[in-house]
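Reviewing the structure listed below.
Every chain is numbered from 1 and lettered A, B, ... according to where its sequence line falls, protein lines coming before strand lines. Values in this document were obtained by computation on a predicted structure and should not be read as measured data.
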Protein chains: 2
Amino acid sequence: MTELIGVDWGTSNLRIMRLGADGAVLDRRVDPRGAGRLDPDEFAGVLEEVAGDWLGLAPVLIAGMAGSRQGWMEAPYAFCPSGAEGLAARLARPDAARDIRIVPGVALTPRGLGDVMRGEETQALGLFGARDSGLMVAPGTHSKWVRVDNGAIAGFRTHLTGELFAAVRQATLIGRDMGEPGGDDAAFDEGVRLALSDPAITAHLFGVRVRRLADDLSHGAAADFLSGLLIGAELAAEGAHRDHPVQVVGEAALSRRYVRALALAGFIDVGVADGETAVARGLHRIWKAMP
Amino acid sequence: MTELIGVDWGTSNLRIMRLGADGAVLDRRVDPRGAGRLDPDEFAGVLEEVAGDWLGLAPVLIAGMAGSRQGWMEAPYAFCPSGAEGLAARLARPDAARDIRIVPGVALTPRGLGDVMRGEETQALGLFGARDSGLMVAPGTHSKWVRVDNGAIAGFRTHLTGELFAAVRQATLIGRDMGEPGGDDAAFDEGVRLALSDPAITAHLFGVRVRRLADDLSHGAAADFLSGLLIGAELAAEGAHRDHPVQVVGEAALSRRYVRALALAGFIDVGVADGETAVARGLHRIWKAMP
């Protein structure tokens with residue numbers, strides 16, 4: 001039985017799910033019309049077009065960039081610490097005539113925001129139970145480290161790692177002719193270890209050039225070494241969390257690299273979780289917490 | 001009286017100087033035909049064209065990228081430690097019929113090179129006397145920290161800081177519409193302090209985005225804040241040198257920012273030196289050390 005229509009409306013992708021008890025995913029539809037390419041008045045039509053036959057079955061709850069200022073309707077940020085109840089109390093309603101709500105994003109601090117996220121708060125609440133504690137690591141263009149304490153979002157930090165990797169590849173001499181990462185674990189590990197042992201990332205980046213000049217680093221290995229350097233720099237900055245349980249949520253090949261790097265950085269309890277399951281459970285949990 | 005024709009032939013610029021006693025610059029000519037745009041067989045002609053009337057006056061000594069594998073003639077790297085005598089013993093002679101020599105670059109280690117420079121070794125030897133010790137910091141696309149110990153080059157490290165700054169501006173969302181740095185010292189200082197206090201540079205870069213979102217950082221201040229972050233990261237990695245005398249050599253506006261940042265990082269003895277004077281004295285010193 002469908003209890004909730006859960007929607008994960010990110011910048012570049014739309015995922016609509018029929019959810020049963022405890023947020024179990026009964027069916028899903030995906031569409032490339034992410035929030036980043038839609039005007040505010042287009043969201044309702046896209047939702048109707050992709051899943052109009054589902055909309056009468058149950059209430060709709062949306063997480064992600066659909067709630068940003070440039071999205072369907074701004075759902076102003078909640079602040080840390082914030083649990084499912086806190087988010088449920090701040091849902092936005094973009095269509096007064098229908099049972100559709102948008103989960104707010106979370107800002108680290110009220111003043112100056114500090115850091116912000118939209119969507120990852122829902123995934124994190126879905127990964128950990130109401131009394132659990134741990135960290136969600138969601139690698140990608142912007143890598144998020146979300147700390148859950150006793151079932152509530154206690155803090156988080158975002159790293160520009162993926163975007164920085166792309167920028168170095170695209171716009172520096174060391175990125176010229178660089179291949180795709182993923183083929184050379186030894187080069188990746190070497191980059192991670194170097195960044196963990198010494199945070200001089202500006203110097204290590206020049207080192208990529210020197211190693212290429214000296215034929216110390218093959219053409220194919222350079223992308224893995226660079227990826228290891230930047231992920232290693234991210235992990236060095238988050239090393240204080242190494243004794244906490246970590247769940248990695250993201251694209252499979254990238255998650256695999258993070259799991260390798262987390263082990264090298266001394267994280268002792270690392271699992272990999274499915275992103276769809278996490279957001280579905282999180283949406284269900286927030287919906288159950290509605291006042 | 002002209003003792004030496006000194007040439008600083010970098011990637012993007014050519015500078016030819018008539019040098020007198022102790023390397024005093026009597027006259028100079030500059031030309032945009034840097035080594036980066038010349039084929040090996042074009043160097044002799046450019047030298048003749050720009051300063052043919054000087055070539056009979058004194059021997060010619062060239063420093064910089066003209067000695068690289070893609071330059072006029074490769075002058076294989078010397079290794080650290082290396083003083084004026086060590087460099088003078090390894091000069092390349094691109095034209096057997098004439099008294100023209102090229103100073104070798106310096107590599108940190110024989111095996112794998114470790115790090116490399118061409119031109120900065122000559123500047124550093126010109127900045128410090130035969131018994132002096134200190135550091136030359138040459139900021140720019142690739143920022144060099146060259147350590148001179150008792151008149152010899154003892155070690156050095158290169159940071160990709162300038163190129164990374166350009167890549168972030170060119171190829172990330174935080175760089176979009178960013179202005180030129182230099183107008184907002186307070187924003188620059190804030191970036192430096194943040195990077196010095198916490199080496200989490202990937203997170204600080206995302207912070208630029210959050211500050212812009214929260215209107216915490218004006219359009220004009222963003223480039224200064226970013227510049228401060230990256231220079232601060234470089235200085236954090238070189239903090240072990242803070243008790244040594246430092247001479248900053250480079251473009252005036254950038255040198256000014258480095259002097260600010262070095263003070264914030266606790267460097268106690270910081271001066272600014274002129275690049276032309278340094279390379280002229282270094283060339284003269286190497287020439288005098290010839291066997």
Of I174(B), V168(B), L230(B), D115(B), the largest count of non-hydrogen pairs under 4.5 angstrom with chain A goes to D115(B)

Residue, of A171(A), G114(A), A166(A), that accumulates the most heavy atom pairs under 4.5 Å with chain B
A171(A)

Taking every non-hydrogen pair under 4.5 Å, which of E234(A), E238(A), H159(A) racks up the most with chain B?
H159(A)

Partner set under side-chain hydrogen bond (donor to acceptor under 3.5 Å, both in side chains) for Q170(A), not counting sequence neighbours:
none

Within residues 135-143 of chain B, which positions have a heavy-atom distance to chain A below 4.5 Å?
H142(B)

Option in V116(A), L160(A), L108(A) with maximal non-hydrogen atom pairs under 4.5 Å from chain B
L160(A)

Contacts with chain A made by residues 194-216 of chain B (heavy-atom distance under 4.5 Å), listed by residue number:
D198(B), P199(B), A200(B), I201(B), T202(B), A203(B), L205(B), F206(B), R209(B), V210(B), L213(B), A214(B), D216(B)

Please name all residues satisfying side-chain hydrogen bond (donor to acceptor under 3.5 Å, both in side chains) with D185(A), sequence neighbours left out, ordered by chain then number.
R256(A), R260(A)

